Amino acid sequence: MTKFSELNISKSTQDSLKRMGFEEATPIQEGTVTFGMEGKDVIGQAQTGTGKTAAFGIPMIEKIDTSNPAVQALVIAPTRELAIQVSEEIYKIGYGKRARILSVFGGQEISRQIRALKNNPQIVVGTPGRILDHIKRKTLKLDGVQTLVLDEADEMLNMGFIEDINSILENVPAERQTLLFSATMPAPIRKIAETFMKNPEMVKIKSKEMTVENIEQFFVKSQEREKFDILSRLLNVQQPELAIVFGRTKRRVDELSHALNIRGYIAEGIHGDLTQAKRMSVLRQFKEGKVDILVATDVAARGLDISGVTHVYNFDIPQDPESYVHRIGRTGRAGKSGMAITFVTPREMGYLRIVEETTKKRMNPLQPPTSDEALLGQQKVAVETLAEAVQKNELNDYVQFATDLLGKYDATDLVAAALKHLTNEPDATPVSITEERPLPSRGGSGGGRGGYKGNRSGGNRSHGGGRGFSGGQRRSSGGSRDGRSSGGSRDGRSSGGSREGGNRDRSRGGRSER
DNA sequence: AAAAAAC
């Protein structure tokens, strides 16, 4: 391991890195920083969590001339969240040097961004569409760009941004340094590298380091309609500290987060149809631990660096194997272990094997917990909750009631009753998730084998706001300050220890049954 | 077929 102090980095940036707690360079950083500061083009093959942002951020910051008002570096990222995250990290790296940085992305008032661009940022991070928009409005001039970064290039390819990238590149001087990062290197990406880069150096993290070494991978074979109950039971038994549940569609994410709320979990959904403000607030709440479970489409699969995610549940198996790798890469980060559990319907078993071939790792079958095991998990939580309440010693308001009760009932019975009250019977609240991809066997007799794509066109959308459930109040949606039930005393999370001591701030409220 | 991304 090389220390940053051994690399030829300026004092001000060294100070920034120290402030960030960075001492040793990760493999991708070591290679990229060295080549990058020599002015070479670099292809970095690595995923997030490997320290990729600092890998290109350090040489980028080093090259910035703070007395020059022009935009000197441009970073293009596939999603808004990633653009925000990257700009925040580069801001920290450039703090010692006082480099000015701005992120531009869709969904945010463009007038605000135009005003900010007039302050002459030296680094701009953004998503393709909005960058192009600014170029066309002539509010973003790129003639002074010396460093160009394409982050998550394979993802930008998947999303069809290549034309946008080409258009942006037409506005960037040919005389520049280009850094390209991509988790995978499919042919089109190699072609882009050949076209737009000059004798690039490859910095590749060996594949065995690149994926999933410290992620335990399981699959649960289950019918579509069993999935949600199994998920609830798994959550009760495994008690993840922070979990992400991936769903296949935006609608499914809405339904899942709603259903989880009904069952008493603190969950919030995130997908591309939410306003940008909402997306940001949900992500922030999850990072702060005010939300335990993030339910997400693949908008959150890539790049997002959220520390402390202990479990990833693929409620739906992802559409392509690469997406699988990205999704489970949200856990098991920074050397910590993580667990990934993928739901597979019987007909998807063959596809599961294809995913395994890609990751070169077998997934172990996981027996879904029984209802009793799930109950046991709940009971353990209830015991912890009660014990914690006693330790906190903020019970004055209840002492009189307690004394009265003790006069009438047996003490053991009373404690047992309190525990029972704190326990959600697993599966007790009936909740249904719309099956988006009905199995051919149940879609009607005509279906037979070929009925895989049996989505009746336009049909099945009868739900208004109800989303196909009955009962249960929805956590106020909209607004940016919702979901704060139960002030999270979740400190110590950053230290990462498994939280044996309980303090699960999962609200047991909303027991509409009973 | 879905998701993401510009208005």
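Here the structure is a predicted model, which is why all the values come from computation and not from measurement. Any value given below was found using the heavy atoms of this structure, including those in side chains, with hydrogens, waters and symmetry copies removed. Residue numbering restarts at 1 for every chain, and letters A, B, ... go by the order of the sequence lines.
- In this structure, A/R279 reaches the sugar-phosphate backbone alone: every heavy-atom distance under 4.0 Å involves primed, P, OP1 or OP2 atoms, never a base.
- The aromatic rings of A/F315 and A/F228 stand perpendicular to each other, their planes meeting at an angle above 60°, with 30° marking the opposite boundary.
- Ranking B/dA1, B/dA6, B/dA5 by closeness to the A/F105 side chain, first place goes to B/dA6.
- With A/K52 as reference, A/E152 is the one residue of A/Q45, A/E152, A/Q29 to meet the side-chain contact (heavy atoms from CB on, under 4.5 Å) rule.
- Put simply, CZ on A/F315 is 18 Å from P on B/dA2, counting in whole angstrom units.
- To the nearest angstrom, P of B/dA2 lies 22 Å from NE2 of A/H326.
- Heavy atoms of A/G107 sit under 4.0 angstrom from primed sugar atoms or phosphate atoms, though from no base atom.
- Between A/T297 and B/dA2 there is no side-chain N or O to OP1 or OP2 distance below 4.0 Å.
- Between the OH atom of A/Y324 and the P atom of B/dA2 there is a distance of 24 Å, given to the nearest Å.
- Taking only side-chain atoms of A/T79, from C-beta outward, the nucleotide of B/dA4, B/dA6, B/dA1 with the closest atom is B/dA4.
- Note on A/R80: every side-chain N or O is 4.0 Å or more away from OP1 and OP2 of B/dA3.
- In terms of heavy atoms, A/P59 sits closest to A/V33 at CD-CG2, 4.1 Å.
- A 4.5 Å side-chain heavy-atom check between A/Y313 and A/L235 finds at least one atom pair inside the cut-off.
- Across the protein-nucleic acid pair, A/E163 atom CD and B/dA6 atom C1' stand 15 Å apart, rounded to whole Å.
- Close to B/dA4, at under 4.0 Å from its OP1 or OP2, lies a side-chain N or O of A/K250.
- The separation between A/R327 atom CZ and B/dA2 atom C1' is 11 Å, rounded to whole Å.
- Partners of A/R137 under the side-chain hydrogen bond (donor to acceptor under 3.5 Å, both in side chains) rule, at least two apart in sequence or in another chain, are A/D133.
- In this structure, CG of A/D316 is placed 13 Å from P of B/dA2, rounded to the nearest angstrom.
- In this model, the phosphate group of B/dA1 is not approached by any side-chain N or O of A/T249 to a distance below 4.0 Å at OP1 or OP2.
- As a whole-Å value, the separation of A/R248 CZ from B/dA4 P is 13 Å.
- Atoms CG (A/L82) and C1' (B/dA5) sit 13 Å apart, rounded to a whole Å.
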